[in-house]
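These notes are about the structure you will find just below.
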Amino acid sequence: MAIKTQTFIDPFQGTPQRFAATVLGMWVFLVVVAMLFLGAIMGYLVVRVNPNLEAPFIPEGATGLPVSLVFSTIALMASSYSMHQATLHVRQGRPQEAHWSMTITMLLACVFLALQVFAWVTLWQQNVLFGDSLYAWSFYVLTGLHALHVLAGFVPLIRVWRKTARGGYSKQYPEGIVYCEMYWHLLGAIWLALYFTLWLGMRT
Amino acid sequence: MTTINLSQPLDTATRPDNYLTHTRGFMSWAFTLDHKRIGVMYMVSVLISFFVGGVFALLVRTELLTPGQTIPGVTADVYNHFFTLHGAIMVFLVIIPSIPAALGNFIMPIMLGAKDVAFPRLNLFSYYLWLFGALFTVSSLLLGGFDTGWTFYTPYSTTTPAGGVIPALTGVFILGFSSIFTGLNFIVTVHKLRPPGMTWFRMPLFLWAIYATAIIQVLATPVLGITLLLLIVERAFNIGIFDPSMGGDPVLYQHFFWFYSHPAVYIMILPAMGIISELISVHAHRHIFGYKFIALSSIAIAIFSFLVWGHHMFTSGQSPLLNTLFSLISFSVAIPSAVKVFNWMSTLYKGNIVLNTPMLYALSFLVLFTIGGLTGIHLATLNTDVHLHDTYFVVAHFHYVMMGSALIGMIGGLHHWWPKMTGRMYNENLGRIACIIVFIGFNVTFFTQFFLGSQGMPRRYYDYLPEYQIYHVISTIGSYIMASGFLLTAYYLLASLFGGRIAPANPWGGRSLEWQCASPPPFDNFATQPRVGDCYDFTAIRWDEKEQGYVTDPALDSTKNSQFAAKNLH
């Protein structure tokens with residue numbers, strides 16, 4: 001359907017200006033996402049160090065963080081690396097390899113999500129239920145919020161993946177793939193911070 | 001020092017159409033990417049919300065005319081819904097988007113000589129986020145309403161039986177993201193789309209204010225987002241970090257909320273200060289005094305805004321050390337605020353002041369902001385705050401700042417840029433009269449509340465002792481006076497659309513770029529990117545009888561004059 005609107009007026013004078021502006025916009029966006037998670041982490045830490053607890057923060061029966069988180073961390077880090085490789089390939093003019101790296105990135109992202117689901121199931125089997133304790137609540141909410149952001153990341157990932165398939169990025173201004181890479185590295189960094197926070201929360 | 005470059009009034013006669021007539025039909029507005037149309041859409045939406053919020057304000061004031069029930073059918077419970085809706089609508093739907101999203105969207109790219117904001121699609125997306133957020137918030141009315149106050153304090157907000165709390169929270173959450181994306185867009189626009197010749201310290205001060213605001217928007221609003229998200233989860237599943245029964249902390253909510261909402265107060269006031277800088281300089285026809293101080297004080301306020309949130313919580317039981325620190329830092333906000341006020345006063349000094357409607361609003365702002373700001377010192381003082389906390393003194397104080405300053409600034413800006421937006425002049429005499437009515441009504445309403453509060457009348461109460469009645473009656477009468485002023489404003493502004501005199505390109509004698517394109521501007525603002533010089537140098541501006549407006553006279557803009565202006569500046 002052709003919607004009759006007035007023509008789009010490009011505010012930029014050419015690709016270099018648009019590229020620089022959008023990279024800045026992405027940085028601002030990364031700050032926004034980081035602040036969101038920073039708020040969540042601060043909230044978790046405040047209730048975790050609350051000195052007036054009646055029952056122990058970690059309920060009986062919970063045996064610590066699921067081991068699968070180690071593997072999901074490795075998967076996400078590896079996907080960050082392959083994402084970086086994909087951009088490098090594009091910048092150095094190897095579209096075929098870039099496409100392969102994007103495929104690997106997406107597979108690793110799927111592995112990460114599957115492992116996160118596995119971690120939730122593990123906790124659930126240990127009878128650590130969402131509504132039972134703040135420990136369970138904060139684990140599910142923090143990891144769930146992050147998993148949602150990874151899931152949302154598939155929208156740009158798929159777009160970039162399809163564009164690399166037809167070698168659609170220029171070497172000098174590989175616009176979309178750079179923005180996607182920035183977001184993806186942030187998700188990796190946030191996951192490390194979250195994992196560290198949860199690990200810290202398990203210390204008594 | 002021949003840095004002043006003139007850009008002649010651009011192709012006013014050669015362009016056959018403007019942004020309003022360039023394309024036609026509903027779809028051309030609903031899917032427009034033009035920042036001017038999006039700005040107008042925001043403006044219309046904000047003004048409608050302002051009307052709705054105002055109706056709730058009048059209902060609240062009318063209910064308080066007598067102790068106990070005044071309006072038949074308005075029980076204490078209904079009254080709680082009224083003031084909550086008044087607060088939520090005015091804060092989240094009106095004041096926060098009013099200047100950045102509505103006026104900023106329209107004016108900022110033109111001031112920069114740009115064709116649009118950096119990301120026009122994101123801009124339209126922000127508008128629709130605003131619309132959906134507003135629909136969610138207002139739909140809570142049909143779903144049982146919400147009576148938590150606009151602050152949604154826990155544990156009341158997680159336990160109240162009112163059915164509309166989750167829709168309202170969702171609405172505010174969405175509105176937050178609208179605000180974030182607008183801020184993101186503006187930061188990038190200011191950084192990357194400044195024209196050649198416009199260095200940071202040559203930007204109009206309105207842009208500095210919008211830029212400082214945008215920084216607060218992107219840094220603080222995500223924290224509100226996560227807070228509301230956690231609150232929604234908590235209310236839906238009856239468990240969360242704000243619930244003390246399981247080791248949570250209800251005061252944590254207050255910390256989170258004010259970490260956003262105190263900076264949000266500066267999201268409201270900073271752009272208004274930007275507008276006042278423009279109004280005072282243009283309508284006094286005098287170079288702004290202390291440009292760098294005004295510009296940098298905006299940034300200083302943006303930084304301070306993140307360090308003072310605890311002053312909302314002096315009585316919440318936080319540690320005395322925190323209280324002292326927050327009190328001290330809150331005092332220091334007075335410094336950049338006063339820097340601005342004194343610089344505006346100095347700009348007015350020996351200026352060629354024209355007492356037209358925008359200038360009257362600017363002068364009202366100076367009076368009202370000074371009262372609002374100074375009473376803030378009372379509240380930042382620890383021992384007086386214990387007495388005044390949650391009384392009408394607080395209500396009066398923040399109405400002086402939010403309404404008397406932020407909204408008055410917005411309405412002043414609306415008058416200032418109305419000829420640019422619509423291409424029509426409004427009735428100047430009615431404008432002056434309405435401004436004076438609003439000013440009188442505002443002071444009768446809210447100055448009285450300082451007395452009420454200092455004598456101990458708590459805020460948000462439905463019933464009160466008979467001793468307080470006289471103040472409540474005066475305050476309510478004041479609110480009616482104010483409402484009549486705003487109705488008059490609505491009348492002559494709407495009338496100007498149909499019968500107003502055609503506006504010239506530069507009706508006030510402004511020098512910044514928006515006055516150098518036609519009124520209303522063409523759809524792409526400028527055919528070629530203009531060069532700019534000092535946007536507060538009015539020496540080259542003179543009245544042109546034929547145009548019935550001001551024009552830039554190249555003959556007057558000699559090197560001598562620019563040097564004279566430069567000397568004045570230092």
Side-chain angles (χ1 to χ4, degrees), chain A residues 1-13 17-57 129-138 140-142 144-145 148, chain B residues 19 22-23 25 27-35 37 109 114-122 180-181 183-185 187-189 191-193 214 218-227 229-230 233-234 237-244 246-249 252 255-256 259 523-525 529:
Chain A
M1 188 181 83
I3 297 160
K4 220 184 144 214
T5 83
Q6 69 190 59
T7 40
F8 171 62
I9 304 163
D10 191 353
F12 299 114
Q13 288 159 342
Q17 199 192 12
R18 181 174 65 235
F19 185 61
T22 316
V23 166
L24 176 66
M26 275 308 294
W27 274 111
V28 177
F29 179 68
L30 299 191
V31 169
V32 169
V33 179
M35 284 302 288
L36 194 98
F37 279 95
L38 198 65
I41 288 173
M42 286 305 291
Y44 171 75
L45 289 178
V46 167
V47 293
R48 181 64 190 89
V49 299
N50 184 351
N52 309 319
L53 285 183
E54 286 164 16
F57 186 79
L129 301 179
F130 182 72
D132 280 2
S133 64
L134 271 190
Y135 163 71
W137 188 90
S138 40
Y140 289 116
V141 167
L142 288 178
L145 195 65
L148 266 181
Chain B
Y19 80 100
H22 185 63
T23 49
M27 292 306 238
S28 79
W29 281 83
F31 291 96
T32 182
L33 298 172
D34 182 354
H35 69 98
R37 287 191 171 193
K115 291 188 184 300
D116 210 314
V117 292
F119 309 117
R121 290 187 181 87
L122 186 67
I180 288 173
F181 289 133
L184 189 158
N185 222 333
I187 288 181
V188 177
T189 309
H191 268 278
K192 298 292 180 187
L193 289 179
V218 299
L219 283 178
T221 321
V223 179
L224 177 77
I226 186 71
T227 311
L229 204 63
L230 294 178
V233 174
E234 173 152 353
F237 296 98
N238 282 320
I239 174 171
I241 56 172
F242 306 130
D243 178 5
M246 282 199 148
D249 186 352
L252 176 64
H255 277 292
F256 268 156
F259 182 81
F523 70 98
D524 59 353
N525 301 345
Q529 196 174 36

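Proteins come first, then strands; the chains are lettered A, B, ... in the order of their sequence lines, and each starts at number 1.
Of the atoms belonging to B:Phe181, it is side-chain heavy atoms, and not backbone ones, that fall under 4.5 Å from chain A. When heavy atoms are compared at a cutoff of 4.5 Å, B:Val233 approaches chain A solely by way of its side chain, counted from C-beta outward. In this structure, chain A has a heavy atom under 4.5 Å from the side chain of B:Leu229, while its backbone stays farther away. The part of B:Leu252 that comes within reach of chain A is its side chain, from C-beta onward, which places non-hydrogen atoms under 4.5 angstrom from that chain. For B:Ala114, no part lies near chain A; criterion is any non-hydrogen pair under 4.5 Å. Neither the backbone nor the side chain of A:Phe57 comes within contact range of chain B; no heavy atom of the residue lies under 4.5 Å from a heavy atom of that chain.
Under the 4.5 Å side-chain criterion, counting only non-hydrogen atoms from C-beta, B:Ile180 is not in contact with A:Phe29.
The structure places CG of B:Asp116 at 9.5 Å from CZ of A:Phe12, a figure rounded to the nearest 0.5 Å. Distance check, rounded to the nearest 0.5 Å: CG of B:Leu230 to CH2 of A:Trp137 gives 4.5 Å. In this structure, B:Asp524 CG and A:Asp10 CG are separated by 12.0 Å, a value rounded to the nearest 0.5 Å.
Every residue meeting the side-chain hydrogen bond (donor to acceptor under 3.5 Å, both in side chains) condition with B:Asp243, not counting sequence neighbours, appears here in chain and number order: B:Ser245. Applying the ring-ring contact (aromatic ring centres under 6.0 Å, His included) rule to A:Phe37 yields the partners A:His149; only residues at least two apart in sequence or on another chain are considered.
The environment of B:Trp29 atom CH2 is dense: over 12 non-hydrogen atoms of other residues, nucleotides or ligands sit within 6.0 angstrom.
In terms of heavy-atom pairs under 4.5 angstrom with chain A, the leader among B:Gly225, B:Pro120, B:Gly248 is B:Pro120. The candidate with the highest count of non-hydrogen atom pairs below 4.5 Å against chain A, out of B:Lys192, B:Lys115, B:Arg121, B:His191, is B:Lys192.
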